[in-house]
Amino acid sequence: MLSIGLILPDVLGTYGDDGNALVLRQRARMRGIDAEIHKIHLGDPVPDSLDLYCLGGGEDTAQILAAEHLLSDGGLQRAAAKGTPVLGICAGLQVLGWSFRAGGRVVDGVGLIDATTIALEKRAIGEVQSTPTGAGITAELTEPLTGFENHMGATILGPDAQPLGRVTRGVGNTDVYGADEVAADRSQLSAEGVVQGNVVCTYMHGPALARNPQLADLLLAKAMGIPLMELAPLDLEVVEKLRRERLA
Ligand code: GLN
């Protein structure tokens, strides 16, 4: 049984990001792999024994509650330390970094990724596309990534984090430079998302895994400890149609 943890859908669930867990469960089941979703709500302890974790986007004040809960609980950090894959979307990405700005202050994040979120010059809203970098555990990704972004946060990556993709449309992580030398690296401007260890993050809503089935399968494969190519392909015309439409 593959256990998919849906972390704090009550505060991190904008734009139907809960759908990422549904996509993972469905793509597993279509291959005859038993899978279930464990919803972990605000105040619930996060079990560190699940096979895969998903965090969605959220409003500024809601994501403060998420960060505080995850920091004090520690379960997600223990799971990540064991090498369990974690997917973070938008506010989920920001919460997994060192810090983010919300409610007029700097809020501590969980620190699973070497990323700091400051503010964009202008809110990023619209379609976003990228070419996967193939960094770290995403080495097997070949298909362009597509999603919808809506964020005010500007995420600057530190040296331990790599982008998930290079932006070909939209804004991605940031439109500003950070304050220090690392952050002044111009390549930050084309970065989209984060890959660090077994943590994969993106600003893409959609939900991202409905629009990017290869990324969904990569996460399933990592959760099962097998290479992506060992998962039988699923030819779903409706998903291909969606991708053709969005990437056009
Ligand atoms: N509140 C965050 C921001 O505006 C994240 C938004 C989101 O998850 N869509 O940057």
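Heavy atoms only: backbone and side chains are in, while hydrogens, waters and symmetry mates are out. Quick caveat: nothing in here was measured; it's all calculated off a predicted structure. Read the numbers this way: they start at 1 and go in the same order the structure lists the ligands and their atoms.
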Quiz item: Rounded to the nearest 0.5 Å, what separation is found between the NZ atom of K39 and the CG atom of L6?
Solution: 6.5 Å

Can you list, pair by pair, the side-chain donor-acceptor contacts under 3.5 Å of residues 58-74, counting residues two or more places apart and other chains?
unit_1, atom_1, unit_2, atom_2, d
Q63, NE2, Q94, OE1, 2.8
H69, NE2, D44, O, 2.7
S72, OG, E68, O, 3.3
S72, OG, H69, O, 3.2
D73, OD1, V46, N, 3.3
D73, OD2, V46, N, 3.2
D73, OD2, G75, N, 2.8

Exercise. With sequence neighbours left out, write down each residue that passes salt bridge (charged side-chain N to carboxylate O under 4.0 Å, His left out) with D48, or none if nothing qualifies.
Key: R78, K82

Quiz item: Looking at CG of L112 and CG of L93, how far apart are the two atoms once the value is rounded to the nearest 0.5 Å?
Solution: 11.5 Å

Self-check item: L2 side, atom CG; L50 side, atom CG - distance, nearest 0.5 Å
Solution: 9.5 Å

Report, one line per pair, each donor and acceptor closer than 3.5 Å where one atom sits in a side chain of residues 139-146; sequence neighbours left out.
unit_1, atom_1, unit_2, atom_2, d
E140, OE2, L228, N, 2.9
T142, OG1, Q214, NE2, 2.9
T146, OG1, R211, NH1, 2.8

Practice problem: Output the set of protein residues with a heavy-atom contact under 4.0 Å to ligand 1, ordered first by chain identifier and then by residue number. | Solution: G57, G58, E59, D60, Q63, C90, A91, Q94, R123, N150, H151, M152, G153, H205

